[in-house]
> 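Pasting a structure below so you can have a look.
Chain naming here is simple, since letters A, B, ... match the order of the sequence lines and numbering starts at 1 in each. Below, all heavy atoms of this structure are taken into account, side chains as well, without hydrogens, waters or symmetry copies.
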Amino acid sequence: MVAETAKKFEALELQAHKLMSVFIKAGHEAVAPAIIQPASVFLDVIGETLRARTYVFTDPDGEELCLRPDLTVPICRLHLERHEDPTTRARYCYNGPAFRFQPSGSSSSHPREFRQAGIESIGAVDLERAEALTLVTVIDALKAVGLTDIKLRFGDLGLFRALLDAAEMPERWRRRLLHQFWRPQAFRNELKRLTTAAIDLPRDAPKALLAELDPERPSDAEKRVARHLDAEGIEIVGTRGVAEITANLLSIVADANTKPLSIETATLLEAYIGIVAPARAAGARIKDLLREKNIDIGPALDAYHRRLQLLTEAGVDIARADFEAEFGRTLEYYTGFVFEVVAPSLGAQSPVAGGGRYDQLMRQCGAAEGVAAVGGAIHTERLLAALTGGV
Amino acid sequence: MSATQDRLVLAVPSKGRLMEQTTELLAAAGLNIRKVGNARGYRGEIEGLANVDVAFISASEIARYLKTGRAHLGVTGEDLVREQMSDWQDRVEILKPLGFGQANVVVAVPQCWIDVRVMADLDEIAVSFRETHGRWFRVATKYLNLTRRFLSSRGLTDFRIIESLGATEGTPAAGTADFIVDITTTGETLKANGLKVLDDGVILMSEANLIASRVANWTPRAREAENEIIACLGL
């Protein structure tokens with residue numbers, strides 16, 4: 001299988017041609033971003049876990065490059081290259097190879113070279129409409145090549161963020177929980193830590209120094225930390241300066257002086273994350289859960305229902321969709337609605353398509369600020385396998 | 001291949017303290033290594049053992065020889081074995097720690113990070129670091145695999161490894177990395193570069209080991225030679 005990648009090439013090309021014509025008809029411009037990408041964009045943005053699966057190499061100029069592990073980041077770079085104003089509205093579609101290391105013994109539905117066909121919609125102001133349209137277009141493309149028996153999985157990080165915003169806690173705890181959301185075990189540990197009274201004080205900063213630090217007076221604190229380092233003969237080495245170190249010491253001091261997170265809030269967050277329900281019923285489940293606690297995340301729930309409504313109006317069978325609060329945890333750049341399309345013959349471990357909202361990715365690729373963006377990609381080898389039976 | 005292919009290949013470090021200590025240890029066990037050919041040669045034999053070829057190569061090369069089975073026995077550090085083989089237990093067997101070449105592979109951060117003492121502290125500042133600098137932490141090391149495995153096993157996923165082939169301890173000061181994973185014996189070099197080892201940041205306590213390859217061609221003659229060496233070393 002590894003030696004021969006072009007075996008089904010003709011069949012894949014034929015299929016891709018049909019997918020692309022659905023995308024183009026829906027208003028997407030066909031583009032072909034570079035296969036070889038600067039590694040730093042992927043590695044600094046997405047982190048080491050993806051690096052472990054990305055083919056990275058150094059060219060004769062010493063430049064660190066990679067074979068693109070997906071097409072969404074390359075499309076963001078292409079968009080930024082074309083448009084001075086990154087919020088410029090644009091719709092793209094593509095078909096081409098992506099590369100990810102797979103440990104030996106991986107199943108044939110996880111090849112290390114695979115062809116993705118997909119769409120990206122950038123700068124659309126009506127978020128739910130853009131999300132619904134993206135999913136509908138992907139489903140239409142699947143239908144056009146003959147895949148009609150599908151199931152859908154939804155997640156919504158917007159709901160989780162709204163819940164965090166509504167729960168009572170310092171802003172920096174929200175940031176930390178949101179960051180840890182991607183890692184279930186770390187998230188549980190963080191929740192536990194925040195609900196426990198005793199917060200560890202850093203052992204290399206003497207108690208006397210910590211006692212002097214006043215979160216209300218950061219510049220005074222910075223001076224005191226600088227004086228301490230000077231007195232100890234410790235040089236400032238590296239990128240983190242005194243201001244940054246002080247800011248962290250202050251937040252630790254502030255945490256130690258803050259009432260721990262209430263057990264109720266922690267339980268609520270865990271209960272929310274545990275929700276798995278048919279998409280239609282999930283909204284009501286969430287509402288019930290929050291009503292007991294007197295927490296209101298109205299706008300986020302409205303957006304959730306409106307999206308379902310738009311999908312239904314466009315003919316998507318929502319009865320075939322499940323909502324999982326935890327879904328989306330493995331894909332770090334998604335920020336809102338996430339979806340997967342599953343062909344029952346291949347199973348949930350090998351979805352034929354997936355996508356979602358990624359409003360911060362453009363900023364991480366170099367734009368001054370985030371840009372509303374949503375996209376979806378089809379794993380074309382799996383799609384072909386689902387249609388022809390067997391991988 | 002030559003007629004010597006069924007003999008045992010013993011890989012020995014080709015330079016420095018590691019070579020001296022290895023030859024001393026073998027000599028003390030009655031195994032005298034003699035270089036074959038000119039004095040700078042890279043091949044040798046052991047007096048009285050007809051079925052042994054000695055190959056003088058660098059310690060990291062020895063790990064590769066054992067991994068691929070080009071050498072039957074070799075003296076090298078556990079750090080190199082674990083770094084170069086993800087499946088090292090399938091490929092080699094550690095026969096005997098030799099009591100020299102001790103060094104630790106550690107996570108070291110700038111001393112001025114007085115808010116960081118343990119790995120969990122690193123994870124905590126990863127978020128604000130990224131908000132401030134627009135990128136994840138960079139970790140300089142020559143131990144790419146050991147580092148990746150250790151950091152992920154501690155739940156730290158938001159970092160980027162920068163391969164460093166020398167003077168790793170200088171990379172935080174130079175600004176090319178934020179902290180490092182490196183080998184240290186006394187910690188003096190780290191200290192001189194304004195770095196400190198995290199309390200739970202010892203990844204591996206390594207020393208020189210006599211190591212056998214499981215994937216080498218173990219002919220009866222090679223096996224016999226191994227038994228003779230092992231008997232001399234009192235294993």
> Using non-hydrogen atoms and a 4.5 Å limit, figure out which bit of B:Phe179 sits close to chain A: side chain, backbone, both or neither.
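It is neither, since no heavy atom gets under 4.5 Å.
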> How long is the gap from OG1 on A:Thr239 to CZ on B:Phe137, to the nearest 0.5 Å?
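The distance works out to 8.5 Å.
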> How many angstroms lie between CD in B:Glu124 and CD1 in A:Ile252, if you round to the nearest 0.5 Å?
6.0 Å
> Under 4.5 Å heavy-atom distance to chain A, tell me which part of B:Asp199 shows up: side chain, backbone, both or neither.
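The side chain, not the backbone.
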> How close do B:Val116 and A:Arg240 get, counting heavy atoms only, and between which atoms?
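Nearest heavy atoms, B:Val116 then A:Arg240: CG2-NH1, 4.2 Å.
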> Applying side chain to side chain contact (heavy atoms under 4.5 Å, CB included), run through B:Arg130 and A:Gln364 and close with a yes or a no.
CA-CA 11 Å; B:Arg130 187 180 177 190; A:Gln364 286 155 0; 3.1 Å; yes
> Is it the backbone or the side chain of B:Val118 that comes under 4.5 Å from a heavy atom of chain A, or both, or neither?
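Contact with chain A: side chain only.
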> Supply the atom-to-atom distance B:Arg135 CZ to A:Ser40 OG, rounded to the nearest 0.5 angstrom.
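Between B:Arg135 CZ and A:Ser40 OG, I get 11.0 Å after rounding to 0.5 Å.
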> Quick one: CD on A:Glu235 to CD on B:Gln111, what's the gap to the nearest 0.5 Å?
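Between A:Glu235 CD and B:Gln111 CD, I get 9.0 Å after rounding to 0.5 Å.
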> In terms of heavy-atom proximity below 4.5 Å to chain A, should B:Leu151 be classed as side chain, backbone, both, or neither?
neither
> Might you point out which heavy atoms bring A:Ile245 and B:Cys112 nearest each other, and give the distance in Å?
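For A:Ile245 and B:Cys112, the tightest heavy-atom pair comes out as CD1-O, 3.3 Å.
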> Roughly how far, to the nearest 0.5 Å, is CD1 of B:Ile114 from CG of A:Leu229?
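Going from the CG atom of A:Leu229 to the CD1 atom of B:Ile114 covers 5.0 Å.
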> Can you see which heavy atom on A:Val237 is nearest to which on B:Ala173, and at what distance?
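Scanning both residues, the minimum pair turns out to be CG1-N, 3.7 Å.
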> Hey, what do you get for OG (B:Ser128) to CZ (A:Arg172), rounding to the nearest 0.5 Å?
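Rounded to the nearest 0.5 Å, the OG-CZ separation comes to 11.5 Å.
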> Is the CD atom of A:Glu84 crowded by more than 12 outside heavy atoms at less than 6.0 Å?
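Counting neighbours around CD of A:Glu84, 12 or fewer heavy atoms of other residues, nucleotides or ligands fall under 6.0 Å, so no.
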